[in-house]
K.L.:
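Below: one structure in structure tokens.
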There are 2 protein chains.
Amino acid sequence: MTRTAKRPPRITSFDVAEAAGVSQSTVSRALAGDPSISEPTRLRVAEAARKLNYQVDENAARLRRGRTGTLAIVLICRPGQDRKDINPFYYSLLGSACAAASARGYEVLVSFQDGPDNFWGHYQERRKADGLIVIGTTSNAAAWDYFGQLPEGTHWVCWGAPRDDFAWVRSDNLSGATLATRHMLVRDYTRIVCIGSLTSPQRQFIERYEGYAQAMDNAGLEPRLEHIESGLPREEQGRRAAARLVESGAAFDGIFAVCDEMALGALKELTARGVRVPEDVGVVGFDGIRAGAWSSPPLTTIEPDFQTAGTLLVDRLLAMINGEEGSARRVPVRLVVRGSTRA
Amino acid sequence: MTRTAKRPPRITSFDVAEAAGVSQSTVSRALAGDPSISEPTRLRVAEAARKLNYQVDENAARLRRGRTGTLAIVLICRPGQDRKDINPFYYSLLGSACAAASARGYEVLVSFQDGPDNFWGHYQERRKADGLIVIGTTSNAAAWDYFGQLPEGTHWVCWGAPRDDFAWVRSDNLSGATLATRHMLVRDYTRIVCIGSLTSPQRQFIERYEGYAQAMDNAGLEPRLEHIESGLPREEQGRRAAARLVESGAAFDGIFAVCDEMALGALKELTARGVRVPEDVGVVGFDGIRAGAWSSPPLTTIEPDFQTAGTLLVDRLLAMINGEEGSARRVPVRLVVRGSTRA
DNA sequence: TTGTAAGCGTTATCAG
DNA sequence: CTGATAACGCTTACAA
């Protein structure tokens with residue numbers, strides 16, 4: 001029997017006012033912590049509210065205030081992608097951004113978007129949120145185009161966009177890649193190849209290659225790029241690049257892959273071909289995904305500080321909402337040494 | 001200079017009414033698809049709305065309607081746990097539930113909660129959401145107590161609770177465990193041990209042990225449980241259980257672990273001790289976490305259908321909200337054969 | 001088929 | 001320090 005559940009009679013600030021023997025507006029002020037309310041009154045109101053189990057209706061409050069106290073987070077996926085196959089990196093980012101928003105007193109609205117019938121960014125116009133954090137795969141060009149064309153006045157920041165003219169936050173890729181490369185150099189790997197791309201829409205990949213190249217230059221060594229084939233899963237790109245590297249017969253003893261999934265693919269391929277890691281070849285990735293801890297050998301990698309990442313995204317957005325200047329947009333990274341480079 | 005951004009003048013349904021030459025209520029009805037509105041009028045209104053770039057203010061609408069069209073999802077973490085260390089299983093569940101809610105036309109509010117200063121479930125009283133999905137670690141007893149004590153009338157469903165008297169949805173653990181065990185039996189593993197627990201608050205673990213035990217019984221074999229030590233990370237529990245198993249000297253050729261992280265720990269320990277997987281010993285886990293695909297060898301496992309999981313959670317909650325009977329609460333599972341069992 | 005008007009439950013302004 | 005009173009922008013009886 002489908003019957004609309006009868007709505008329980010709602011307790012309003014009026015009820016609390018009556019119970020506390022004050023006016024309704026006093027209740028509102030007392031509960032909001034308005035300093036003009038005297039301590040005894042505040043206590044009386046608080047007590048009455050507690051007794052009646054009163055809670056403010058946020059919709060009414062937001063309607064009146066004009067602000068929502070809510071941020072929206074949109075996670076862009078590959079079209080048709082199952083939610084379980086989303087790169088855990090983005091989930092970590094999502095979690096950290098949620099935490100940061102909560103810490104700032106904001107509620108968070110989350111949505112996963114992957115195609116034109118899904119794209120939706122009018123959170124502000126509908127008064128659902130005060131601003132928007134867009135994170136996710138660079139590869140979904142249509143999604144980034146969509147968000148780039150939102151009406152002027154839309155407050156939004158992003159992570160992962162293929163363009164630089166949005167308000168972005170990203171890892172300190174240059175330092176990270178340099179760190180990774182130096183780590184290998186110090187461990188006596190000298191013929192280090194970078195698996196990556198200079199033509200990918202992923203700005204990050206380019207920045208990481210540059211960090212690698214700088215570190216090599218500084219050591220008086222020749223940087224070398226093994227280009228990935230586009231349109232394949234990251235793992236497969238890494239695997240094939242490693243295969244080509246081995247087959248080319250060129251001497252190499254180190255691989256710096258511009259992301260962990262490529263590094264894991266390369267690792268598998270090397271092992272399958274009898275190349276010993278870390279003895280014959282060292283491998284370092286970038287991103288710090290969890291799966292790297294489970295590979296064999298576990299993957300040495302560069303990991304961004306996720307907590308800072310979430311905080312920067314949220315703070316940058318809030319600054320934009322309040323018409324202030326945004327500050328830092330680079331997330332610090334650290335080297336996580338595991339088994340794929342020798343001690 | 002921190003200046004409150006001047007709010008742009010809002011376009012209301014009144015403006016649209018004026019532009020279309022109709023009354024405000026007609027605009028509301030036309031845009032809401034009320035069948036009593038004539039086609040020409042609807043078109044005129046739609047056109048005016050489009051031109052003015054009008055979007056309804058959801059707060060006003062919700063205030064009037066009394067419903068929010070929003071569901072809250074709370075992800076319970078271990079106290080102090082970094083968001084990047086959350087079991088990806090829960091992230092997958094979160095993603096799937098979000099997708100299901102969207103498909104039903106609901107917006108989703110997400111929050112991560114891990115301790116008493118964080119716990120908050122009064123979404124309905126504050127009119128922030130119509131109901132609540134609580135998912136996450138069984139181990140945070142305080143959290144489950146908190147949600148169990150929410151006021152009557154709170155609509156909520158959960159995944160992971162240590163108790164059976166909540167409205168829950170979970171994997172078909174019995175079938176899954178049976179499936180896993182049969183898979184090993186068919187591959188000529190006969191001395192199969194279960195790594196798990198009968199005393200853990202995790203109901204799931206008990207159900208999985210039972211599925212395993214039934215399959216063994218049916219094959220005329222003796223089930224055997226290697227009990228995990230409580231209070232340790234799952235991986236460590238698996239590792240130690242495997243170590244004890246080897247050291248005990250008892251003959252065994254198969255391990256069914258009640259979750260993937262234990263299975264991965266066991267896998268590492270076996271390999272480290274020179275036990276060959278899958279030749280000497282087969283290993284099967286449960287949950288289908290991504291990292292299982294990267295271990296060496298990759299882990300054979302039982303994976304729940306995440307999409308169905310999300311749908312069941314959402315549908316059960318919506319049924320509760322509408323005062324209907326809930327239906328299915330068991331999520332079907334499938335066997336994913338990878339390298340940790342022989343062909 | 002459309003218009004009129006009454007709220008929904010707050011917060012903010014303005015007196016006192 | 002506190003109390004009236006007007007919005008906030010929509011949906012939905014009730015009338016026409």
Side-chain angles (χ1 to χ4, degrees), chain A residues 4 7-46 48-49 52-70 122 124-128 130, chain B residues 4 6-46 48-49 52-70 122-128 130:
Chain A
T4 306
R7 237 182 275 151
R10 189 168 178 86
I11 296 140
T12 70
S13 54
F14 187 81
D15 300 318
V16 180
E18 199 171 39
V22 296
S23 78
Q24 191 212 19
S25 45
T26 299
V27 171
S28 173
R29 285 192 277 242
L31 263 32
D34 187 312
S36 74
I37 297 292
S38 75
E39 203 48 29
T41 312
R42 180 196 318 292
L43 287 174
R44 217 146 28 92
V45 170
L52 293 175
N53 234 303
Y54 168 75
Q55 304 257 22
V56 305
D57 182 322
E58 292 289 341
N59 290 310
R62 299 208 272 234
L63 171 58
R64 185 52 241 244
R65 288 203 200 98
R67 278 166 302 102
T68 67
T70 301
H122 298 277
Q124 282 175 234
E125 294 92 317
R126 290 241 168 152
R127 288 264 164 88
K128 288 183 165 190
D130 300 330
Chain B
T4 307
K6 83 162 182 297
R7 234 183 275 151
R10 189 166 177 88
I11 295 139
T12 70
S13 54
F14 187 81
D15 300 320
V16 179
E18 200 172 39
V22 296
S23 78
Q24 191 213 19
S25 49
T26 299
V27 171
S28 172
R29 286 191 276 243
L31 262 32
D34 187 313
S36 75
I37 297 293
S38 74
E39 203 48 31
T41 312
R42 180 194 318 292
L43 287 174
R44 216 144 29 91
V45 170
L52 293 175
N53 234 302
Y54 168 76
Q55 302 259 21
V56 304
D57 182 322
E58 292 288 341
N59 291 310
R62 299 209 272 234
L63 172 57
R64 182 54 237 243
R65 286 204 200 100
R67 278 166 302 104
T68 68
T70 301
H122 299 277
Y123 288 91
Q124 281 175 236
E125 294 93 316
R126 290 242 167 150
R127 287 264 166 87
K128 288 182 165 190
D130 300 331

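Remember, it's a predicted structure, so these values are computed and weren't measured experimentally. Order of the sequence lines fixes the chain letters, A, B, ..., with proteins taken first and strands second; residue numbering starts at 1 for each chain.
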K.L.:
So if I take residues 34-45 of chain B and measure heavy-atom distances to DNA chain C, which residues fall below 4.0 Å?
P.N.:
B:S36, B:I37, B:S38, B:T41

K.L.:
Within the 4.5 Å heavy-atom criterion, are A:T68 and B:E58 side-chain neighbours or not?
P.N.:
no

K.L.:
Do you know the tightest heavy-atom contact between B:Q24 and B:S13?
P.N.:
NE2-OG, 3.1 Å

K.L.:
If you compare all heavy atoms of B:A19 against all heavy atoms of B:L52, which two are closest, and at what distance to 0.1 Å?
P.N.:
CB-CD1, 4.0 Å

K.L.:
Over all heavy atoms of both residues, which pair between B:I11 and B:Y54 is shortest? Give the atoms and the distance, please.
P.N.:
O-CD1, 3.4 Å

K.L.:
Hey, does B:S25 have a side-chain heavy atom less than 4.5 Å from the side chain of B:R29?
P.N.:
yes

K.L.:
Under 4.5 Å between any side-chain heavy atoms of B:V56 and A:R126, yes or no?
P.N.:
yes

K.L.:
Earliest and latest nucleotide of DNA chain C, 5' to 3', sitting under 4.0 Å from a non-hydrogen atom of chain B?
P.N.:
C:dT1 to C:dG9

K.L.:
Supply the atom-to-atom distance B:N53 CG to B:D15 CG, rounded to the nearest 0.5 angstrom.
P.N.:
12.5 Å

K.L.:
Determine, for nucleotides 8-16 of chain D in 5'-to-3' order, which nucleotides have protein heavy atoms under 4.0 Å from the base (write B), from only the sugar-phosphate (write S), or from neither (write -).
P.N.:
BBBBBB---

K.L.:
Do the side chains of A:D130 and A:R67 get close enough for a salt bridge, i.e. N-O under 4.0 angstrom?
P.N.:
no

K.L.:
Please report the shortest heavy-atom distance between B:V16 and B:V45, naming the atom on each side.
P.N.:
CG1-O, 4.0 Å

K.L.:
Can you name the one residue among B:R64, B:R62, B:R127, B:K128 that meets salt bridge (Lys or Arg N to Asp or Glu O under 4.0 Å) with A:D57?
P.N.:
B:R127

